[in-house]
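The structure appears right after this line, and notes come after that.
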Amino acid sequence: MNIRRGKAEDMNAVLELIQELADYEKEPDAVLVTVDDLVRDGFGSNPLFHVFVAEVESEIVGIALYYYRYSTWKGKIIHLEDLVVKQKMRGTGLGYALYSEIIKQGKRDNVLRIDWHVLDWNTPAIEFYEKSGAKVLKNWYLAQMDEEGINYFVDNRLK
């Protein structure tokens, strides 16, 4: 197993893993991002994300994609957007290795917090995170406004 920083040429494999996660999370049609989007947004002069990839026998079988946010309470923080391991590689320690790499990155960056989301029905992930010392906050709700909501707001609320 080799964990390394992702490169632009890895984005086909990264997108496949993103789609695998969407399928697992019962949202198979939710992925709209393309390989070109990933290359543009992750490897330009101001990258919007960073990614670690896990390789086994030259095949990318896992990713940990993250970006930086700013907390008014803590300052610079890391947001772990996706931690994905191919189904065939789950239970091999690969997810733990990627997770560890994100935490080490947080330590290198001197961040005071690393955030991520986990679905309430994903019991194995919740148990994994709690065993590692992470707190799964059960008294917070995630709020989002999708494209339809954005358009409705701009077209109807700002007039």
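Positions are given from 1, in the same order as the sequence printed here. Since the structure is predicted, the reported quantities are computational estimates derived from the model, not experimental observations.
The same ILVMFWY cluster, assembled from side-chain heavy atoms under 4.5 Å apart, contains both Trp116 and Phe128. Note: the hydrophobic cluster containing Val85 also contains Ile102 (ILVMFWY, side chain heavy atoms under 4.5 Å, direct or indirect links). The cluster map of Ile, Leu, Val, Met, Phe, Trp and Tyr, joined by side-chain heavy atoms under 4.5 Å apart, puts Leu94 and Tyr96 in the same cluster. A continuous path of hydrophobic side-chain contacts links Ile103 to Ile78 [ILVMFWY only; heavy atoms under 4.5 Å]. Note on Phe52 and Met11: separate hydrophobic clusters, where clusters join Ile, Leu, Val, Met, Phe, Trp and Tyr whose side-chain heavy atoms are under 4.5 Å apart, directly or indirectly.
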Verdict with supporting geometry, Leu65 and Val84, side-chain contact (heavy atoms from CB on, under 4.5 Å)
CA-CA 9 Å; Leu65 191 143; Val84 189; over 6 Å; no
Please determine whether side-chain contact (heavy atoms from CB on, under 4.5 Å) holds for the pair Phe49 and Leu38, giving the CA-CA distance in whole Å, both sets of side-chain angles, and the decisive distance to 0.1 Å.
CA-CA 9 Å; Phe49 69 87; Leu38 291 169; 4.0 Å; yes
I'd like to know whether Gln19 forms a side chain to side chain donor-acceptor pair (under 3.5 Å) with Asp23, so could you lay out the CA-CA distance, the side-chain angles of the two residues, the decisive distance to 0.1 Å, and finally the verdict.
CA-CA 6 Å; Gln19 185 62 57; Asp23 294 344; 2.9 Å; yes
Can Val53 and Ile3 be said to form a side-chain contact (heavy atoms from CB on, under 4.5 Å), step by step?
CA-CA 6 Å; Val53 298; Ile3 307 288; over 6 Å; no
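With sequence neighbours left out, Tyr68 forms a side chain to side chain donor-acceptor pair (under 3.5 Å) with Asp109. With sequence neighbours left out, the side chain to side chain contact (heavy atoms under 4.5 Å, CB included) criterion links Asn122 to Tyr24, Val118, Leu119, Pro124, Ala125. Evaluation of the side chain to side chain contact (heavy atoms under 4.5 Å, CB included) rule for Asp115 yields Arg69, Ile77, His79, Arg113 as partners, not counting sequence neighbours. Every residue two or more places apart in sequence or in another chain that forms a side chain to side chain contact (heavy atoms under 4.5 Å, CB included) with Gln87 is listed here: Glu20, Arg90. Every residue two or more places apart in sequence or in another chain that forms a salt bridge (Lys or Arg N to Asp or Glu O under 4.0 Å) with Lys104 is listed here: Glu101. Under the side chain to side chain donor-acceptor pair (under 3.5 Å) criterion, Ser71 pairs with no residue at all, not counting sequence neighbours. With sequence neighbours excluded, the residues satisfying side chain to side chain donor-acceptor pair (under 3.5 Å) with Ser132 are Tyr99. In this structure Leu142 satisfies the side chain to side chain contact (heavy atoms under 4.5 Å, CB included) test together with His117, Gln144, sequence neighbours excluded. Not counting sequence neighbours, the partners of Lys138 by the side chain to side chain donor-acceptor pair (under 3.5 Å) test are Glu130.
Side-chain contacts under 4.5 Å among hydrophobic residues (ILVMFWY), followed directly or transitively, place Tyr70 with no other residue at all.
Annotation for Pro47 and Gly42: closest pair CB-O, 3.3 Å, computed over non-hydrogen atoms. Of all heavy-atom pairs between Tyr129 and Leu83, the closest is OH-CD2, 4.0 Å. Residues Ala97 and Met1 approach most closely at CB-SD, 3.8 Å, considering heavy atoms. Here the shortest heavy-atom pairing between Asp82 and Leu21 reads OD1-CD2, 3.1 Å. Of all heavy-atom pairs spanning Ala8 and Val39, the tightest one is O-CG2, 3.8 Å.
No more than 12 heavy atoms of other residues, nucleotides or ligands sit less than 6.0 Å from atom CH2 of Trp140. Lys76 NZ: more than 12 foreign heavy atoms inside a 6.0 Å radius.
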Distance-only criterion, 3.5 Å: show the donor-acceptor pairs between side-chain atoms of residues 55-64 and protein atoms not counting sequence neighbours.
residue : atom : partner : partner atom : Å
Glu55   : OE1  : Asn2    : ND2          : 3.2
Glu55   : OE1  : Arg4    : NE           : 3.3
Glu55   : OE2  : Arg4    : NE           : 3.4
Glu55   : OE2  : Arg4    : NH2          : 3.0
Glu59   : OE1  : Lys88   : NZ           : 3.1
Glu59   : OE2  : Lys86   : NZ           : 2.9
Glu59   : OE2  : Lys88   : NZ           : 3.4

Contacts table for residues 147-158: side-chain donor-acceptor under 3.5 angstrom, sequence neighbours left out:
residue : atom : partner : partner atom : Å
Asn151  : ND2  : Glu147  : O            : 3.4
Asn156  : ND2  : Tyr152  : O            : 3.1

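Looking at heavy atoms from C-beta onward, Asn139 lies in side-chain contact with Leu137 at the 4.5 angstrom threshold. In this structure the side chain of Trp121 reaches within 4.5 angstrom of the side chain of Lys26, judged on heavy atoms. You'll find the side chain of Gln105 reaches within 4.5 Å of the side chain of Tyr66, heavy atoms only.
Note: Asp41 CG to Asn46 CG = 11.5 Å, rounded to the nearest 0.5 Å.
The pair Arg40-Asp37 meets the salt-bridge criterion, since a charged nitrogen lies less than 4.0 angstrom from a carboxylate oxygen.
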